2 protein chains.
Amino acid sequence: MAFMHYTRDNMASLLRSHDINPTHQRIEIAYALFSRQEHLSADQVMAIVNTRHSETSKATVYNTLKLFLEKGLVREVIVDPSKVFYDPNTRPHHHLYEVDSGRLSDIDAAHVRISGLPALPEGMVTEGIDLIVRVRRAQ
Amino acid sequence: MAFMHYTRDNMASLLRSHDINPTHQRIEIAYALFSRQEHLSADQVMAIVNTRHSETSKATVYNTLKLFLEKGLVREVIVDPSKVFYDPNTRPHHHLYEVDSGRLSDIDAAHVRISGLPALPEGMVTEGIDLIVRVRRAQ
DNA sequence: CCTCGATCTGGACTTTGTCTAATTCCCGGA
DNA sequence: TCCGGGAATTAGACAAAGTCCAGATCGAGG
């Protein structure tokens with residue numbers, strides 16, 4: 001799958017193989033994501049899909065990305081500070097996030113070992129390393 | 001510092017020791033965070049600080065939390081999907097996030113070793129482990 | 001060609017956070 | 001005590017990202 005050509009036909013099979021009904025809009029959105037092999041935000045997907053003329057609504061883009069997520073076709077990466085928690089504990093530690101309840105608790109840093117990070121980009125410094133284990137209720 | 005009593009007077013010293021001018025509002029916000037030793041979101045802080053009657057504006061709460069963050073008094077934990085990236089690569093890997101530019105790139109999972117995670121809470125399953133290394137331009 | 005469930009749509013709405021111009025606070029000097 | 005002025009605070013308008021809903025449309029199977 002990794003080396004396939006990213007054609008719209010192949011997107012249709014990809015969707016079907018993930019138990020997703022391949023509609024025009026879903027195929028376009030999948031094509032936008034996979035042909036670029038980049039991390040895209042919802043509005044970037046919107047922009048790409050509607051380049052020529054408006055074809056796909058905002059609601060559909062959001063619904064489709066959520067569907068792809070459920071079906072394991074894409075991963076979600078949360079990076080931007082929008083809904084943020086402020087933690088008075090500044091000692092090194094990591095976090096366990098219960099998706100259902102929104103509860104956030106600590107994981108002792110001693111339990112986590114991270115090594116061999118690649119060199120940082122030129123002129124960059126580490127602002128923080130955040131390990132967030134996301135858990136939810138089974139089923 | 002870890003075992004001090006969380007009085008408003010102590011908050012004032014704590015703020016001064018972090019080079020923060022201790023105003024009424026800042027003391028109340030620090031007290032809310034530290035006396036609870038919990039992860040609080042901005043609107044939770046708002047609610048706590050304005051329990052009796054409205055005393056502190058939204059802008060001040062946000063400004064103050066940002067100030068505390070800069071001065072290293074609190075940490076920021078990003079957990080909730082608000083600004084999200086969708087990643088077509090579902091193979092195990094982690095992420096390098098450049099705060100300034102918003103650019104997001106991959107770190108091969110082979111370069112990162114995470115071990116000794118604690119047992120999950122009863123009835124919980126892992127939804128994902130996200131290691132996000134946040135970097136920014138020096139100075 | 002029809003039907004009907006699945007999908008899609010525009011647009012109103014919510015949430016979280018930012019911005020700004022005006023006001024208030026408070027400290028240090030006279 | 002009074003005053004000046006910079007720091008801090010405020011209300012409220014605004015912005016960005018995402019959700020929701022009722023109606024319109026699509027398209028596969030009969």
Side-chain angles (χ1 to χ4, degrees), chain A residues 8 11-12 15-16 18-32 39-50 52-71 73-74 76-86 97 99 102 104, chain B residues 8 11-12 15-16 18-32 39-50 53-71 73-74 76-87 97 99-102 104:
Chain A
R8 282 165 176 79
M11 288 304 106
L15 295 183
R16 264 186 289 266
H18 281 77
D19 200 27
I20 298 169
N21 193 4
T23 66
H24 293 317
Q25 289 88 342
R26 288 170 182 174
I27 288 170
E28 285 308 311
I29 291 171
Y31 185 70
H39 310 85
L40 298 176
S41 61
D43 59 325
Q44 288 176 311
V45 170
M46 267 285 275
I48 292 169
V49 163
N50 291 327
R52 293 175 174 281
H53 39 81
S54 187
E55 291 160 326
T56 304
S57 73
K58 186 167 61 152
T60 296
V61 170
Y62 280 100
N63 289 341
T64 300
L65 288 172
K66 196 173 291 181
L67 179 66
F68 285 4
L69 183 65
E70 280 167 20
K71 300 296 189 179
L73 200 57
V74 298
E76 188 179 69
V77 187
I78 299 166
V79 286
D80 225 73
S82 296
K83 179 64 173 296
V84 156
F85 282 82
Y86 292 91
Y97 180 57
V99 174
L104 187 65
Chain B
R8 282 164 175 81
M11 287 305 106
L15 294 183
R16 264 188 288 267
H18 281 77
D19 202 25
I20 298 170
N21 193 2
T23 66
H24 294 317
Q25 289 87 342
R26 288 171 182 174
I27 288 169
E28 285 307 311
I29 291 171
Y31 185 71
H39 310 84
L40 298 177
S41 61
D43 59 326
Q44 288 175 312
V45 170
M46 268 285 275
I48 292 169
V49 162
N50 291 327
H53 40 81
S54 189
E55 292 160 326
T56 304
S57 73
K58 186 167 62 151
T60 296
V61 170
Y62 279 100
N63 289 342
T64 300
L65 288 172
K66 196 174 290 182
L67 178 66
F68 286 4
L69 183 64
E70 280 167 20
K71 299 295 189 180
L73 201 55
V74 298
E76 188 179 69
V77 187
I78 299 167
V79 287
D80 225 72
S82 294
K83 179 65 173 298
V84 156
F85 282 82
Y86 291 91
D87 185 352
Y97 180 58
V99 175
D100 310 304
S101 64
L104 187 65

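What you see is a predicted model; the values in this text were computed from it and never measured. In what follows, chains are A, B, ... by sequence order, proteins preceding strands, each numbered from 1.
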What residues form a side-chain hydrogen bond (donor to acceptor under 3.5 Å, both in side chains) with A:Gln25, not counting sequence neighbours? none
Test side-chain hydrogen bond (donor to acceptor under 3.5 Å, both in side chains) applied to B:Thr60 - qualifying residues, sequence neighbours left out: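 Expected list: B:Ser57.
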Test of understanding: with salt bridge (Lys or Arg N to Asp or Glu O under 4.0 Å), list the residues that count as partners of B:Arg8, not counting sequence neighbours. B:Glu28
Within the pair [X] and [N], is there a side-chain N or O less than 4.0 Å away from OP1 or OP2?
X	N	value
B:Thr56	D:dT9	no
A:Thr60	C:dC8	no
B:Thr23	D:dA8	no
B:Asn21	D:dA8	yes

Send over the distance from [X] [atom1] to [N] [atom2], rounded to a whole Å.
X	N	atom1	atom2	result
A:Lys58	D:dC21	NZ	P	15 Å
A:Arg16	C:dA6	CZ	C1'	16 Å
B:Leu67	C:dT18	CG	C1'	16 Å
B:Lys66	D:dA8	NZ	C1'	16 Å
A:Asn63	D:dA22	CG	P	15 Å
B:Tyr62	D:dA8	OH	C1'	19 Å
B:Asp43	C:dT14	CG	P	16 Å
A:Leu65	C:dC8	CG	P	12 Å

I'd like to know whether B:Phe68 forms a side chain to side chain contact (heavy atoms under 4.5 Å, CB included) with B:Leu15, so could you lay out the CA-CA distance, the side-chain angles of the two residues, the decisive distance to 0.1 Å, and finally the verdict. CA-CA 9 Å; B:Phe68 286 4; B:Leu15 294 183; 3.7 Å; yes
Pairwise N/O distances under 3.5 Å, protein to nucleotides 27-30 of chain D:
residue	atom	partner	partner atom	Å
D:dG27	OP1	A:His24	NE2	3.0

Residues in side chain to side chain contact (heavy atoms under 4.5 Å, CB included) contact with A:Met46, at least two apart in sequence or another chain: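 For A:Met46, the residues satisfying side chain to side chain contact (heavy atoms under 4.5 Å, CB included) (neighbours in sequence not counted) are A:Asn50, A:Lys58, A:Val61.
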Across all chains, not counting sequence neighbours, the side chain to side chain contact (heavy atoms under 4.5 Å, CB included) partners of B:Ile48 are B:Ala32, B:Arg36, B:Leu40
Give a yes or no answer on whether the side chain of A:Gln44 reaches the backbone of A:Ser41 with a donor-acceptor pair at less than 3.5 Å.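 Yes; at least one donor-acceptor contact below 3.5 Å.
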Any side-chain to backbone donor/acceptor pair from A:Arg26 onto A:Ile20? Under 3.5 Å, distance only. no
Just so I know, are the side chains of B:His24 and B:Ile27 near enough to count as touching, which here means a heavy-atom distance under 4.5 Å?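 Answer no - side chains too far apart.
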For DNA chain C, find the residues of residues 25-32 of chain A with a heavy-atom distance under 4.0 Å and give them by number; none if there aren't any.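 Heavy-atom cutoff 4.0 Å gives A:Gln25, A:Arg26.
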Per A:Ser57 side chain, nearest of listed nucleotides C:dT16, C:dT20, C:dG10: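 So the side chain of A:Ser57 is nearest to C:dG10.
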Pick the closest DNA chain D nucleotide for A:Ala59 and for B:Thr64 by heavy atoms, then say which residue is nearer the 5' end. B:Thr64
